[in-house]
Amino acid sequence: MNYKLIKMNIHGDERGKLVSIEGGQNIPFEIKRVYYIFDTLPNQERGKHAHKELEQIIIAIDGACQFVLDDGQKREEIWLNRPDVGLYIGKNMWREMRNFSYGCKLMVLASTHYDENEYIRNYEEFKKQKNNV
Ligand code: T46
């Protein structure tokens with residue numbers, strides 16, 4: 001499975017907490033794009049696609065949601081629920097997001113600019129490509 005959880009350092013004191021993310025240091029790719037997802041709802045699912053080239057790190061900076069990760073053979077579920085843990089997803093992994101807490105906010109660091117042609121939005125097509133059928 002081409003994913004892993006990355007623990008970020010927290011700088012905390014009586015004023016609150018801060019996490020710093022620096023390109024070339026705790027991120028395994030050059031950051032080309034940052035986007036964020038908010039106003040999510042518990043009964044809405046997102047994702048349901050894979051990327052041919054894109055690598056990303058996703059951080060639940062507020063709230064929680066569940067990720068389903070699938071490499072064409074195995075499926076695993078993980079919860080993202082900490083602002084100091086990033087989910088790295090490498091190339092060619094199917095992802096689905098569900099069970100958002102109200103107001104969950106996800107910040108995403110991406111290795112490429114947005115390109116719809118690089119998405120695989122059909123699960124059967126994804127499985128065929130993974131298994132070289
Ligand atoms: C992923 C999860 C965590 C853009 O115009 N630019 C962008 O950078 C992105 C990411 C999306 N869009 C447009 C494309 C769609 O019309 O925004 C709309 C929603 O995108 P999408 O349906 O792909 O959103 P999610 O939440 O299903 O998935 C996104 C990322 O696409 C995906 O790579 O891992 O967030």
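Bear in mind the structure is a predicted one, so any value in this text is a computation, not a measurement. Numbering of ligands and ligand atoms starts at 1, following listing order.
Closest heavy-atom approach to atom 5 (O) of ligand 1 among the candidates Tyr119, Tyr36, Tyr114, Phe67: Tyr114. Nearest residue to atom 1 (C) of ligand 1 from Gln56, Met107, Glu116 is Gln56 (criterion: closest heavy atom).
Taking 4.5 Å as the limit, some side-chain heavy atom of Leu41 sits within range of a side-chain heavy atom of Tyr102. For the pair Leu80 and Leu5, the minimum side-chain heavy-atom distance is below 4.5 Å. Residues Ile58 and Ile89 are in side-chain contact: their nearest non-hydrogen atoms beyond the backbone lie under 4.5 Å apart. A heavy-atom distance below 4.5 Å is not found between the side chains of Glu53 and Asp115. Side chains of Phe100 and Arg46 form a contact here, defined as non-hydrogen atoms less than 4.5 Å apart. At least one side-chain heavy atom of Arg33 sits under 4.5 Å from a side-chain heavy atom of Leu54.
The contact set between ligand 1 and Ile37, taken as ligand atoms under 4.0 Å from a residue heavy atom, comprises 26 (O), 35 (O).
The closest protein non-hydrogen atom to atom 8 (O) of ligand 1 is Arg33 NH1, 2.5 Å. At the top of the distance list for atom 24 (O) of ligand 1, counting protein heavy atoms only, stands Arg46 NH2, 3.6 Å. Among protein heavy atoms, atom 27 (O) of ligand 1 sits closest to Gly47 N, 2.8 Å. For atom 33 (O) of ligand 1, the nearest protein heavy atom (residue, atom name, distance) is His51 NE2, 2.5 Å. Scanning all protein heavy atoms for the shortest distance to atom 23 (O) of ligand 1 gives Arg121 NH2, 3.2 Å. Here the protein heavy atom with the shortest distance to atom 30 (C) of ligand 1 is Tyr35 OH, 3.1 Å.
Residue contact annotation: His49 has a non-hydrogen atom under 4.0 Å from ligand 1. Within the structure, the closest approach of Met97 to ligand 1 falls below 4.0 Å when heavy atoms are considered. The shell of residues lying under 4.0 angstrom from ligand 1, judged by heavy atoms, excludes Met93.
Atom-to-atom distance recorded for Ile21:CD1 and Ile6:CD1 is 9.5 Å, nearest 0.5 angstrom. The structure places NE2 of His51 at 11.0 Å from CZ of Phe126, a figure rounded to the nearest 0.5 Å.
A cation-pi arrangement is present between Lys4 and Tyr88, with the terminal nitrogen or guanidinium carbon under 6.0 Å from the aromatic centre and inside a 45° cone about the axis.
Distance remark: protein heavy atom not present below 4.0 angstrom from atom 18 (C) of ligand 1.
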